[in-house]
Structures are given as structure tokens and as C-alpha cells.
2 protein chains.
Amino acid sequence: MTHSDALDPRELRAWIAFLAASHLLENRIEQQLKHDGGLTHPEFEVLVKLAMSDGRRLRMSDLAREVMVSKSRLTYQVTQLERDGLVRRTACDSDRRAVWAELTDRGREALEKVRPGHRRVVRENLIDLLTPEELEVLGEAFTRVAQRLSG
Amino acid sequence: MTHSDALDPRELRAWIAFLAASHLLENRIEQQLKHDGGLTHPEFEVLVKLAMSDGRRLRMSDLAREVMVSKSRLTYQVTQLERDGLVRRTACDSDRRAVWAELTDRGREALEKVRPGHRRVVRENLIDLLTPEELEVLGEAFTRVAQRLSG
DNA sequence: GGCTTGTTGTTCAAATCTGAACTAACGCTA
DNA sequence: TAGCGTTAGTTCAGATTTGAACAACAAGCC
């Protein structure tokens, strides 16, 4: 190894700040989504991914990968969303094991309803606190981190 | 407002990357802690905060604030840690409502056992992927974010 | 003292999450 | 087409989390 394990003060500061900011941001986001639309963050992420997808639908396993959630957790979340009429399950013709999760019109409406507030939270508590340079650095660095943890 | 709500491509990229990296890093950390010492991440954070504190103990409400967790959640976590002998609850003389959560020797051992692996995970998947400059930016930026969300 | 307001920590039921089965179907190979 | 290893999604039991309600105490005020 090229470094000793222990983190020096700079590294520690960055790590602590990252942890704290993540926690706080997550809490704030949960609060807004619940308040504005009765959604949890994972539910919101499911709706977003579906809205972005071709035909507003994804197969369960692809959706699980997209939102980085276990299969069983996704099953539960989609069941909840289906109960509320925001998502619909559909059979997949080409693979009879597979299931489409499809965004309904009500799901789209629910998403649009919370989105402005969500964007505002992200903007006011992260984006607008960063200079363009910092934003660039952050985007690059975390892309690298995500890549490493995916490979 | 100074900006329209929608995120431009740079902003979106940074946000998406941050979300993905957070998720993946969190999963990785959970995995290591569970594997090396049967701890969850919140449990680990509780132990760390206690270990850092004067007399290796904190009152429940202070501990909850430190780890940014709800009171009831902390009650549960500390109960689990106490069952495993890693933490001990003690009465507080100066305030009979209050409860000290105190790290036991076994708790310290458990912490030291998982810490090297934990540090390695943080290092290999975050710290060592960043240049010193990036690290500095990250520390500053997230300190700002945390400050804003705390105030 | 007696009153009021705020704090501390726990409890409880309901909601959510985890991970290990499990069923069904796929795709390949012989 | 029968067999075999893999994949998709669900189910289930147990663990954890949430949030509101509660009991006990503190702190100040009259």
C-alpha cells in the first residue's frame, strides 16, 4: 500500500464533512418529499428513473440496478407505489420471468408535484453553495468514485 | 430567486454522481463493517463518537445529535450495543432525566477490530481517488453544506 | 411552594428493510 | 428434448426505523 491507513487531518476533515453533509442532505430531502407529496426518497428515485426511461417503464431488475436497491426492497417499494396507483406492473412478452414497472399518469403527476420543491432543496443546500469550479471538481471526483465502486 | 429551478447539465451531473457515489460507498461500508465485526454503520458511528468523547461517554441526546439520528432510533441502537456488551448505560447525577452511554472495554476492542478495514474502504474508494486539491475542495464545500443544513 | 414550559429518554405500533429461501422461466449443451 | 446452471421476481421471518405519545424531571417565574 502506498499510504498508511490512518487519515491525515485534511483527509479526515473531508471525510467527516462528506458524512455530515450526506446525512443532513438526506434528512432534508426526505422531509421535503414527505411533506410535499407523501413520498420517501427511494420511492421518489423509482419514479424519477421510470420517468426518464423509454416508454416510462423498466424491468424490475434493471430498475433495482438503477436505483441501487436490493430486489426484495424494490419489490416492496413497487408494491407500495402500485397500491397508490403511481406505478403499474405489466407482463413482459419477450421474457415471461420478467415484470415491467410502468409509471402511470397519476405517477407522473405525483412526480411533477414534488419535483419543484425537490429541486429547490438540492439547489439551496448544495448546488448554489458551490462555485462553478467546485461543482466541476465534485462532478468529476464522484463520477470516479462511483465508477470504482461499480467496477 | 437567482436561478431557475432546473439544473443545468453540469449541475445535474454533479448531483447524480454525488447520489450514486453516496449510495455505493454506503453499501460498501456496511458490507465491510458487517463482515469484519458484525456492526452496522450507525452502530459503528455510535462507537466512534463515544470513543472520541471525554470519559468515553456521552448523554443520549448529545449522542443522538452527534450521529444525527432520532432519539428513538438511538435508544434502539444503544440497546442492541448494550446487549452485546459494547456499551453501558449509566445514570447521570447532575440530571436525573439524562442517561450516559459509555463505551465498554469490549466496545473499544470491537471498534479497533473493524477500524483498519473501515479506513481502508474509505481510503481506497474515496480518499485515494482524489488529488490533494480535490480533497481540499471537497472538505470546504461539504463543510459549507453541513453548516447551512445545521443552522 | 405551586405553576408552566421545555427537555430527556423510552415505549409502542406501524412501516420499512434485509437476506435467505423459493418458484418459474431462460439458455445452453448434449 | 432432457438436463443443468443461471436469472427474474417474490415471499417470508426477523431486524430495524419512524413518529407520535408518554412519564419523569428540570428550570424559571409568580
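Mapping heavy-atom proximity under 4.0 Å, the span of DNA chain D touched by chain B runs 5' to 3' from D:dA15 to D:dA26.
Between the side chain of A:Asn125 and the main chain of A:Val121, a donor-acceptor pair closer than 3.5 Å is present.
Between B:Arg119 and A:Glu11, none of the side-chain N atoms (NZ, or NE/NH1/NH2) sits under 4.0 Å from a carboxylate O, so this pair counts as no salt bridge. In summary, B:Asp95 and B:Arg59 engage in a salt bridge, as defined by a charged side-chain N under 4.0 Å from a carboxylate O. With respect to the salt-bridge test (charged N to carboxylate O, under 4.0 angstrom), the residues B:Arg88 and B:Glu82 do not qualify. Under a 4.0 Å N-O distance rule, the pair A:Arg106/A:Glu109 does not qualify as a salt bridge. Taking the charged nitrogens against the carboxylate oxygens, B:Glu43 and B:Lys34 have no contact shorter than 4.0 Å, which rules out a salt bridge.
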*Walk me through it: do B:Arg56 and B:Thr104 pass the test side-chain hydrogen bond (donor to acceptor under 3.5 Å, both in side chains)?*
CA-CA 8 Å; B:Arg56 301 186 194 292; B:Thr104 65; over 6 Å; no
*Base versus backbone protein contacts along nucleotides 10-18 of chain C [heavy-atom cut-off under 4.0 Å; B, S, -]*: BB---SBSB
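Heavy atoms only, all atoms of each residue included: A:Leu39 and A:Val114 are closest at CD1-CG2, 4.1 Å.
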Under 3.5 Å, N/O pairs linking protein and nucleotides 25-29 of chain C:
unit_1: C:dC26; atom_1: OP1; unit_2: A:Arg96; atom_2: N; d: 3.1

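Below 30°, between 30° and 60°, or above 60°: for A:His118 and A:His41 the angle between ring planes is between 30° and 60°, a tilted geometry.
Within 6.0 Å of atom CZ in B:Arg10, 12 or fewer heavy atoms from other residues, nucleotides or ligands are found, so the atom counts as exposed in its surroundings.
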